[in-house]
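What follows is a single structure, written as structure tokens, with notes after it.
All ligand and atom numbering here is 1-based and tracks the order in the structure. The figures here come from the full heavy-atom set of this structure, side chains too, leaving out hydrogens, waters and symmetry mates.
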Amino acid sequence: MSPATLRRLALHPDCAGARDALLASAEASATLAGRRSVLGMLSLSVTHPPSVGRRREVFDAAGAKGLGSLARSEGEPAALDPMANAAYDATGTTYDFYASVLRRDSIDGLGMRIETTVNSGFAPDNAMWSGSRLLLGERTPKGPFVRCFATALDVVAHEITHGVLQYAVPGGGLSHEGQAGALAESWCDVLGCVVLQWHRQEVATAAEWAIGGGLLDPGFGAALRSLAAPGTAWIGDDQPSDMSGYVNGGDPHTNSGIPNHAFYLAATALGGRSWEKAAPIWYRALALLTPRATFAEAAQATVDAATLLYGAGSLEVEVVTEAWQRVKVL
Ligand SMILES: [Zn+2]
């Protein structure tokens with residue numbers, strides 16, 4: 001059966017008891033077609049055996065454009081460079097979140113080693129996912145930042161989630177362009193925020209709902225992005241919060257404000273803690289996306305994921321649908 005057929009079957013009400021297995025089969029078929037690993041989705045089951053465990057390696061590039069030299073690997077005592085230790089801790093917390101909350105064993109779902117380069121000359125005053133490793137740059141003395149990105153757990157979790165998307169979205173991840181690119185940025189912001197809330201054990205209604213809070217000099221703003229009020233995080237923030245502000249041809253980091261706000265609305269309306277219901281729904285939706293997904297398709301994927309997890313007609317399905325209606329996507 002094609003992945004699409006399996007997914008349709010999984011969503012059919014008569015198949016309620018077999019939903020998990022059908023969804024896993026859909027993911028497996030899609031994954032085999034894309035020659036990628038399958039255990040990421042299969043391991044969603046709470047009865048799955050424990051994960052392989054953390055496998056981190058942190059390299060220090062000392063400001064150069066290279067991979068750097070090994071500063072600290074798994075289980076070793078603290079390195080001399082505080083940024084290497086900050087990255088070690090943040091990647092460990094992100095690993096723990098994925099393993100214990102979403103039952104995903106690392107980036108590829110198979111226990112992949114998480115490699116980070118700190119003080120990377122590729123990313124001064126920045127953080128990025130290279131396609132295979134996390135790059136965290138130095139803070140430049142005259143720049144707008146007061147802290148290195150390595151110290152921001154939500155930013156580190158955002159970048160690692162770019163890696164997760166490569167394996168969790170059938171077909172090799174979301175495109176970097178258009179609405180799919182904005183969806184990728186949004187899913188990374190959403191999970192980045194949730195990892196931080198989980199680490200702080202915050203309830204959704206009391207959380208900061210920002211990415212990169214405290215990184216900027218306060219004269220520039222409080223954070224890089226706000227999921228609660230897109231467009232208000234810093235002085236150059238141009239994020240819209242609903243489709244009436246959608247920027248045609250806009251940067252993915254701009255239009256991501258719209259799906260970001262949908263998640264904020266859904267998570268706060270569901271109440272409790274964002275990693276209990278909202279994040280599993282959004283994470284589950286990844287397997288229902290395609291590389292060129294639109295906002296409307298992503299919205300439908302979260303509604304379908306809520307249906308898979310909580311059943312048709314459930315309060316959760318209603319809340320997720322309404323969140324996307326409020327940002328004018330559905
Ligand atoms: Zn990003």
Quick one: report the N, O or S atom of H158 that is nearest to the Zn ion (ligand 1).
NE2

E185: its N/O/S atom lying closest to the Zn ion (ligand 1) (atom name):
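The Zn ion (ligand 1) is closest to the E185 atom OE1, counting only N, O or S.
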
What is the distance from atom CZ of R139 to atom CG of L215, rounded to the nearest 0.5 Å?
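R139 atom CZ to L215 atom CG measures 11.0 Å (nearest 0.5 Å).
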
Could you tell me whether the Zn ion (ligand 1) has an N, O or S atom of H162 under 2.8 Å away?
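A backbone or side-chain N, O or S atom of H162 is under 2.8 Å from the Zn ion (ligand 1).
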
If the cut-off is 2.8 Å, does any N/O/S atom of E159 fall short of it from the Zn ion (ligand 1)?
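Under 2.8 Å: E159 has no N, O or S contact with the Zn ion (ligand 1).
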
Is the number of heavy atoms from other residues, nucleotides or ligands within 6.0 Å of CD1 (I235) greater than 12?
yes

What is the ring orientation for W324 with W282, classed by angle as parallel under 30°, tilted 30 to 60°, or perpendicular over 60°?
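Correct class here is parallel.
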
Should the pair R104 and Y167 be classed as cation-pi, given the thresholds of under 6.0 Å to the six-membered ring centre and 45° from the axis?
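That pair does not qualify as a cation-pi contact.
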
